[in-house]
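No experiment lies behind these values; they were computed from the predicted model shown.
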Amino acid sequence: MTCDPRVLRRPLLVGLIPAVWTVVLGLWGLSRQNSVWRDEAATWQVARRSTGDIVRMLEHVDVVHSLYYLCMHGLFAGFGPSTTVLRLPSVLAVAAAAACVALIGHRLAGAYVGLGAGLVLGLLPAVQFYLQEGRPYALVAAGSAVSTLLLVNALRGRGRKRTWAAYACAVLVCGWLNWLALLILPAHLITLLWSRAPRGVRVRWAVAAGAATAGVLPLALFSLDQSGQVSWVPPLTWHMMIGPAILLAIGGLGGLLGRRTGTGTAERTGTAERAGAAGRTDRTGRADRTDRADRAGRPGPAGTVEPPGPVTGSPSLAAVGLPLLAVPQLGLIGLSLVKPLFVDRYILFSLLGLALLIGALIGRAVDEVARRSRPAARCVLPVLVAVALVALLPQSLAKRSPASRVDDVLAAAERTRQLKHDGDGVLFIPAARRDTWLVTPDAFTGTRDIALAETPEESGTLKGVEASPARVRAAMLAQRRILLVTDATGVARPTRGRRDRTKAEVLATHFTLVSDERIRGRRVAVYERLAPAGGG
């Protein structure tokens, strides 16, 4: 298998191939054996609420994901709740990001670099994880890729008003999906400065970036009142720096070795000999015919459309990829020194930069082989992708199994369905484990949530409002049989509130355990009353 020269002469195919490749990777094992974990359960149960209930909830919790929840509500309303509807938007989003990455690499460093970068993105372990995740992080990555492609186009002399308007909209949407996506703006600023962009370009970027930031600022300020949601994030430690350090080292290597990659990659491998002078200027300092054809979209010599390559004034691949990788990583580390926030998924979009820089390494490998054999050079990319796919196969399989997540809401709900009796009381410890019921309410038909005072919809919360410890105790003692849904050992947090301590104390004192099962990170237990109900 080799890279067909006809493919490399068509930018559309260079973007389309990684997109299709990523969709295939995303559809592979999409249901994860029909499992849904706690983060996805939040999306699922919120998306099933009415628009009014969602808006009411956002006043108290998760406003940072408001746009995403409303979009998923529309999809669930139109297609019904399922693991496919839950995760397919992420698959399509990463596919779009892969296409954008391929086009960026193609325009800055040649077809092999672009195609390699686009194919690599879907293979990155972290991307494979969130490729099949019913959360907004893949969508943020897609918007970041679109905004970066628009910036590159502007730097290559295509900065029309509509380009900058689209750029502002892309960044605005990213910010409304997660306002930490605004970390892409300082990355783009460094790209502008590194590329020595003209003053007019810098001014137009500043206007677009300012408009997007102004649009996201109300959301960011409002979400500060809900900062308790991220109280679980641990403080920054040196151990947590290992991952970013490795990524930055790989990216730095790609930027260093790929500095001169791409200006002649496709041409030296025989795919487009006519474009051998791409990126060079003639003696008068004007771009050659290939660059003019690329910018204007006109046919090149012999009536063919020349493949886009570096043009005079365009940024280098390193100037785009390195800031895109490094700035969000370092920016989140800096923010985490003030308040713990360092979670890799918040800056998943930084891996777009890593894919570009790995693409530069692939381009360099193609260049080296092309010096010896042009036909052999066409095999380099397919061979490298195949080797990476095989090497990462154990990880790829692991990420598509239920064990790849902390727990499985659907498995616990199904076991509850099998164990319940009509009239049973149900308890959730902690209250957040009520998501088992919220995602699959039919599994609990005939039972009663004995601690619940206000439903999540009534209270405008994710998990509802429970009664006081005294009322919970009285309700438990009135039950003959109680089903407990909680975290499995090793997953549960050691500290619990007074209400949860009351639940545990009453179960231990007045009930006997008759069944206790661990199911994919959750525990479903059955308790029966030791004495007649009401015996206190």
By salt bridge (Lys or Arg N to Asp or Glu O under 4.0 Å), Arg520 pairs with (sequence neighbours left out) Asp408

Scanning both residues in full, the closest heavy-atom pair of Gly118 with Thr22 reads O-OG1, 4.5 Å

For residues 113-124, the side-chain hydrogen bond (donor to acceptor under 3.5 Å, both in side chains) pairs (sequence neighbours left out) are none

Practice task
Return yes if a side-chain donor-acceptor contact under 3.5 Å exists between Asn178 and Tyr137, otherwise no.
Solution key: no

Interatomic distance, CG@Leu354 vs CD1@Ile358, rounded to 0.5 Å, equals 4.0 Å

>> Is there a side-chain contact between Ile347 and Leu180 in this structure, where contact means two heavy atoms from C-beta onward sitting under 4.5 Å apart?
In response: no

Worksheet item: Are Leu236 and Pro340 close enough that some pair of their side-chain heavy atoms sits under 4.5 Å apart?
Response: no

- Do Thr83 and Arg32 meet the criterion of a side-chain donor-acceptor pair at a distance under 3.5 Å? no

Heavy atoms of other groups near Arg196 CZ, more than 12 under 6.0 Å
no

Any side-chain heavy atom of Leu352 within less than 4.5 Å of one from Ser144?
yes

* Test item: Leu108 and Pro315 side chains (from C-beta on) under 4.5 Å apart, heavy atoms -> yes

Taken to the nearest 0.5 Å, the spacing of Leu253 CG from Leu248 CG works out to 12.5 Å

* Asked: Can you tell me if Ser373 uses its side chain to pair, donor with acceptor, with the backbone of Val369 under 3.5 Å?
  -> no

We want to know whether Ser66 and Trp176 form a side-chain donor-acceptor pair, criterion being a heavy-atom distance below 3.5 angstrom.
no

So side-chain hydrogen bond (donor to acceptor under 3.5 Å, both in side chains) across residues 393-407, not counting sequence neighbours, yields Arg38-Asp407, Gln128-Ser396, Gln128-Arg400, Glu133-Arg405, Asp407-Arg522

query = Is any side-chain heavy atom of Val327 closer than 4.5 Å to a side-chain heavy atom of Leu322?
reply = no

Between Ile519 and Ala411, the two heavy atoms sitting closest are CG2-CB, 3.4 Å

Sequence neighbours excluded, the answer for ring-ring contact (aromatic ring centres under 6.0 Å, His included) partners of Trp37 is none

Residue pairs meeting side-chain hydrogen bond (donor to acceptor under 3.5 Å, both in side chains), one or both in residues 324-342, sequence neighbours left out, come to Gln329-Ser350

In this structure, CG of Leu75 is separated from CG of Leu86 (nearest 0.5 Å) by 10.0 Å

| message | Within the structure provided, determine whether Thr43 and Tyr68 are in side-chain contact (heavy-atom separation under 4.5 Å). | response | yes

- Task: Verify the distance criterion only: is there a donor paired with an acceptor across the side chains of Asp62 and Gln226 at less than 3.5 Å?
- Result: no

- Message: Using only atom types and a distance under 3.5 Å, with no angle test, would you say the side chain of Ser223 pairs donor to acceptor with the backbone of Val63?
- Response: no

Test side-chain contact (heavy atoms from CB on, under 4.5 Å) applied to Phe349 and Ile184, step by step:
CA-CA 8 Å; Phe349 61 90; Ile184 200 171; 4.1 Å; yes

Notebook entry, point to check: Do Trp194 and Pro323 have side chains that get closer than 4.5 Å, going by heavy atoms?
Noted result: yes

| field | Arg87 side chain to Ser31 backbone, donor-acceptor under 3.5 Å | value | yes

Separation between OH (Tyr346) and CG (Leu348), nearest 0.5 Å, reads 13.0 Å

Next item on the list: Please test Val173 against Leu139 for side-chain contact (heavy atoms from CB on, under 4.5 Å), starting from the C-alpha separation and ending with a verdict.
Entry: CA-CA 9 Å; Val173 170; Leu139 278 68; over 6 Å; no

Between Leu155 and Thr191, does the side-chain contact (heavy atoms from CB on, under 4.5 Å) criterion hold? Intermediate values first, please.
CA-CA 10 Å; Leu155 288 172; Thr191 296; 4.0 Å; yes

Can you check whether Tyr130's main-chain N or O pairs, donor with acceptor, with Arg135's side chain at less than 3.5 Å?
-> no

Taken to the nearest 0.5 Å, the spacing of Leu356 CG from Leu361 CG works out to 11.5 Å

Contacts satisfying side-chain hydrogen bond (donor to acceptor under 3.5 Å, both in side chains) that involve residues 203-212 (not counting sequence neighbours) are Tyr167-Trp205

Note: Ala388 and Leu123 closest approach over all heavy atoms is CB-CD1, 4.1 Å

Do Gln132 side-chain atoms and Leu27 backbone N/O form a donor-acceptor pair below 3.5 Å? no

Closest non-hydrogen atoms of Gly134 and Glu40, given as atom of the first, atom of the second and distance, are N-OE2, 2.8 Å

* Asked: Would you call His188 and Thr148 a side-chain contact if the rule is heavy atoms closer than 4.5 Å?
  -> yes

Closest heavy-atom pair, Val94 versus Ala138, reported as atoms and distance to 0.1 Å, is CG2-CB, 3.6 Å

Practice problem: Starting from the C-alpha separation in whole Å, work towards a yes-or-no answer on side-chain contact (heavy atoms from CB on, under 4.5 Å) for Leu325 and Ile250. | Solution: CA-CA 10 Å; Leu325 171 63; Ile250 296 172; over 6 Å; no

So CH2 of Trp179 and CG of Leu221: to nearest 0.5 Å the spacing works out to 9.0 Å

On a heavy-atom basis, the closest approach of Leu185 and Ala209 is CD2-CB, 3.8 Å

